Each structure stands twice: as C-alpha cells, then as structure tokens.
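Below: the structure, in structure tokens.
We name chains A, B, ... by the order of the sequence lines, and we start the count at 1 in each one. Remember, predicted model here, so these are calculated numbers, not experimental data.
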Amino acid sequence: MDPARDPISLFAPDVREVLAVRGETADTVTVTLAGGGRGFVPGQFAMVYAFGIGESAISFSGDPYRSDVVEHTVRRVGAVTTAIGGVKPGSVLGWRGPFGNGWPMQRARGGDLVIVAGGIGLAPLRPALLTVLADRGAYRRVALLVGARRPGELLYPEQLAEWRARFDLEVEVTVDAAADNWRGSVGVVTRLIPLLDVEPSRTTALVCGPEVMMRFSAIELQRLGVPTRNVFVSVERNTKCAIGICGHCQLGSLFACRDGAVVPYELVAGLMEVKEA
Amino acid sequence: MYEDKLRNHRCARDMDSASLATLESCSLGESTWKKGDWILTTGDLATRCYLVTAGDVHIETTPPGRKSTLLQTIHGGDVLGWSWMIPPHRWAFDARAGTDVTAIVLDAAKLQEAAEADPRFGYALMKRLFTLVADRLQATRLQLMDLYGPRA
C-alpha cells in the first residue's frame with residue numbers, strides 16, 4: 001500500500017468502460033478496460049467490481065507499458081467472476097488498484113529467468129514476460145514453461161506461437177490430457193523443469209498456478225539447483241479489502257494482498273503444506 | 001561422446017566406477033528414431049531398457065475401438081521401459097517418438113544377470129531406476145488431480 005496515494009482511491013472504485021472482451025477458453029475471457037493501470041508492475045492485481053454483484057481480485061494480465069488501457073484475464077468460477085467475465089463492450093466495471101507486490105523483475109536482470117505457468121497462472125505472468133521481451137538484452141537465457149489441462153484450454157495460443165517462434169526465448173508447452181489431434185507433450189508442467197538449460201545459481205524462477213503445482217515446481221527447481229531464495233510464487237487467498245486490514249487473505253503471518261500476491265517461496269513453503277479447511 | 005552421455009544420464013549419474021563399467025557392458029550402443037517411429041509396442045517381449053538422451057517419447061495406448069490415446073510424454077534424461085523387471089516381461093503400453101529421439105539401449109537380460117551376480121551394482125541400478133519411476137508416479141498423480149479443472 002503506497003501511503004502517498006490518494007487514500008480515497010484505495011476504497012472507492014473508479015468506473016471503467018469495458019472496451020473489449022476476448023474469449024480465451026470456454027470459461028476464461030480477457031477484459032480490456034479504458035484507463036491505464038496506474039503504473040502497475042507485473043504480478044500486481046486490481047479489485048474489479050461488478051456493480052450489484054461484488055468485487056474480485058484479478059491480476060493484471062496485459063502490457064504494463066500501455067497507459068491507455070488495462071487488461072485482466074478472468075476465469076468464471078463464481079458469481080462475481082461470472083459477472084465480470086460476462087460483461088459486454090460499452091458496459092462498465094468498478095476498478096481500484098494496483099495492489100500487492102510484483103514479480104522481482106529488477107532482481108532477475110543479468111541472470112537466467114525461468115517462468116513456470118500452470119493454467120490461469122499464465123495470466124499474471126504474461127506482464128512479466130512482456131516486460132522481459134521489451135528489454136530482452138537485460139536477461140540471459142529466458143524460458144517459459146506452460147502447463148494446461150487440455151490443448152483447448154491453453155491461454156493466449158496465438159501469442160504462445162509467436163513466442164515459440166523467437167530464437168531468444170525457450171517455450172515449452174505441455175497438457176495434462178491430450179486431445180485426439182495433439183501431438184505435443186503430455187504430462188504435468190513440473191516434468192519440463194529438469195530439461196531446462198540454465199545456470200541454476202544465476203536463475204530466478206517465477207511460478208504461478210495451483211498451489212500444488214507451485215509446490216512441486218519449486219521442488220523440481222530446487223533439484224535442478226536453483227536456490228530457494230530465487231524462487232517466487234504467487235499466492236491467492238480470499239482477498240476482500242486488498243489493503244491489509246480485513247485479514248480475509250491471511251496466510252500464516254502474511255497478508256496475501258499486502259505481502260503478496262508475489263512472495264519468495266521460502267517464506268510460504270511450510271504454509272503450503274498446511275491442510276486448510 | 002556416447003560414453004559421456006551414458007555417464008551423465010540420470011540413471012547412471014554418480015555411479016561408482018565399477019558399477020558404471022558393468023552398466024556400460026550391458027549397453028548395445030546408441031539408437032535413434034525419427035519422429036513418428038514406434039520404439040516399442042504393447043504385448044511385445046520387453047528385452048530392452050532405453051535411456052533417453054534426447055527428444056520426446058509419447059507413451060500411448062489404443063483401447064479397443066478407439067483412437068490411440070497419448071498418456072504421457074517422457075523426455076531426455078528419462079528411462080523408457082521397466083516391464084523387463086516385472087513378469088510377464090511384456091510391454092504394457094506403446095511408445096512412439098514424438099520428435100526425433102536418441103537413446104542408449106541396454107540389454108535387459110544382461111542387466112538382470114549383472115544385478116543378480118553383483119548386488120552392489122544391482123542396488124545402485126535399482127536405486128536410480130526407482131527414483132525415475134517414483135518421479136513418473138508423482139507426475140502421474142498430479143495429472144490425475146486435474147489441477148487446472150474447475151474447483152469443487
């Protein structure tokens with residue numbers, strides 16, 4: 001929370017016009033809103049408000065260098081996200097942000113970078129990758145590992161194909177279950193980690209996806225030799241106020257909204273193994 | 001070059017020199033398959049163990065009346081085929097080269113003879129194979145969890 005920010009903006013949402021809605025998968029869309037993201041950094045989130053329904057924490061999924069629009073990729077899992085994901089161009093949503101910590105892009109400069117995305121986890125990692133590609137020379141080897149449930153549930157498939165065609169980016173994609181015409185890799189994304197050609201001691205890893213996937217990814221990264229302190233994950237909890245007051249997003253001694261969503265894995269490794277009701 | 005590939009494979013890494021020499025004596029050399037080639041077929045006698053060094057291998061099965069289903073992909077560093085250890089010593093699934101594949105081929109009968117004759121080698125081999133198999137089981141469990149599916 002930035003104390004220099006107008007405190008009103010922390011509580012009261014802007015009204016943002018919906019400029020475009022792009023279908024990504026059967027249950028996921030990317031909503032483009034007018035107005036920028038107030039200088040968000042990759043990994044942060046905003047509270048998006050479907051008036052009359054409710055608010056949900058949605059990560060930024062678009063280009064952080066654009067100041068005229070802001071993008072959020074939303075998966076319809078409940079009443080609020082279904083309402084947000086069901087908007088049409090010309091309608092409005094409430095918006096307040098940005099909140100939370102971002103991916104350690106500055107720290108990653110000069111070294112190798114591994115991005116591991118599982119399912120909708122690619123959405124909050126996309127701004128990180130766009131940041132890297134805008135300044136590619138600042139990083140050594142960069143690898144993007146993407147896992148999805150099925151081929152039809154891969155996010156941003158056209159962009160994935162563009163990234164795959166680059167010579168300065170390693171992109172590997174795998175699905176948990178193959179469709180009839182899929183001849184790519186089948187298996188969990190963690191299985192791609194041992195194949196990485198990076199210098200482990202100089203590698204920063206950004207991991208986002210279901211917590212089980214993040215936990216096993218971190219284990220594989222450690223087996224590869226990536227220091228635990230260089231592994232960062234994005235934790236998600238039931239975010240309400242987004243400014244570290246209500247405690248709904250508490251994870252151990254951390255508040256996901258204030259101390260996350262991006263946290264060093266070593267801070268939450270033990271917490272991820274705690275059974276929660 | 002080939003000897004380096006064998007020594008650096010996950011199945012042989014950090015083996016003592018005597019065990020490594022025994023493993024090398026069971027090797028039939030390096031083989032390559034073009035994308036789409038079958039490497040092994042369900043029901044055939046399992047007489048080989050493959051240490052994949054490069055490429056992707058698709059583990060498939062074809063249920064009766066249905067198209068071939070791609071179950072899992074293994075990559076360089078993995079071992080393909082452990083049915084030679086388990087009766088009835090026949091392949092339980094098909095394996096097809098998903099890309100061009102290179103693997104070190106081991107004679108399964110020689111491996112078993114060597115393991116029986118030298119328990120130290122046998123233990124070193126089984127310890128490594130077990131780790132690779134356990135990794136695949138963990139990964140399969142994660143696949144079964146349907147991690148990216150709709151939340152309950």
Side-chain angles (χ1 to χ4, degrees), chain A residues 25-28 75-78 81-82 117-123 145-155 172-197 208-217 219-220 223-224 236 238, chain B residues 8-11 13-14 34-37 52-63 65-80 93-101 128 131-152:
Chain A
T25 68
D27 61 1
T28 306
R75 187 181 186 191
R76 294 187 285 265
V77 295
T81 51
T82 296
I120 190 73
L122 181 55
L145 308 181
V146 177
R149 194 171 179 228
R150 293 184 218 289
E153 296 179 39
L154 280 162
L155 284 184
E172 298 293 341
V173 175
T174 187
V175 296
D176 285 1
D180 283 347
N181 57 353
W182 176 261
R183 302 315 299 174
S185 182
V186 175
V188 289
V189 69
T190 53
R191 297 264 303 153
L192 301 178
I193 293 171
L195 307 176
L196 287 168
D197 180 21
C208 188
E211 275 193 20
V212 172
M213 167 247 157
M214 290 197 289
R215 182 156 60 90
F216 279 91
S217 294
I219 290 170
E220 286 298 330
R223 287 172 82 178
L224 191 66
E236 181 188 297
N238 193 9
Chain B
N8 291 323
H9 193 276
R10 287 171 67 195
C11 199
R13 206 176 288 161
D14 300 326
K34 288 284 175 203
K35 178 180 174 179
D37 286 349
V52 180
T53 53
D56 294 345
V57 178
H58 292 325
I59 309 296
E60 302 183 16
T61 190
T62 307
R66 288 168 59 179
K67 284 187 188 176
S68 174
T69 301
L70 210 168
L71 298 169
Q72 197 172 53
T73 304
I74 65 172
H75 311 278
D78 265 323
V79 65
L80 169 65
F93 295 100
D94 300 327
R96 176 156 42 174
T99 62
D100 290 350
V101 170
R128 286 161 178 79
T131 301
L132 290 168
V133 171
D135 283 350
R136 294 259 280 280
L137 177 59
Q138 298 273 45
T140 303
R141 283 172 172 164
L142 289 179
Q143 270 179 278
L144 287 173
M145 283 180 71
D146 195 18
L147 292 174
Y148 312 127
R151 292 175 203 170

Inset, instruction - Determine, stepwise, if the pair A:Val186 / B:His58 fulfils side-chain contact (heavy atoms from CB on, under 4.5 Å). - result: CA-CA 8 Å; A:Val186 175; B:His58 292 325; 5.6 Å; no
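- Using a 4.5 Å cut-off between heavy atoms, A:Thr190 contacts chain B through its side chain alone, with no backbone atom that close.
- Atom CG in B:Asp135 sits 6.0 Å away from atom CD in A:Glu220 (nearest 0.5 Å).
- Put simply, the side chain of A:Val189 reaches to within 4.5 Å of the side chain of B:Tyr148, judged on heavy atoms.
- Per-residue heavy-atom pair counts under 4.5 Å with chain B were compared for A:Gly187, A:Ala178, A:Ala177, and the maximum is reached by A:Gly187.
- Counting only distance, with no hydrogens or angles, the side chain of B:Gln143 and the backbone of A:Asp176 share a donor-acceptor pair below 3.5 Å.
- Side-chain atoms of A:Met213 and B:Met145, non-hydrogen and from C-beta on, never get closer than 4.5 Å to each other.
- Contacts between B:Ile74 and chain A at a heavy-atom distance below 4.5 Å involve backbone atoms as well as side-chain atoms.
- Scanning both residues, B:Leu147 and A:Pro210, for their nearest heavy atoms gives O-CG, 3.5 Å.
- Looking only at heavy-atom pairs under 4.5 Å with chain B, the residue among A:Gly147, A:Gly121, A:Gly209, A:Ala179 that has the most is A:Gly147.
- Across A:Leu192 and B:His75, no two heavy atoms sit closer than the pair CD2-NE2, 3.8 Å.
- Looking at A:Arg183 and B:Leu70, their side chains come closer than 4.5 Å, going by heavy atoms from C-beta outward.
- Minimum heavy-atom separation, A:Arg191 to B:Asp78: NH2-OD2, 2.8 Å.
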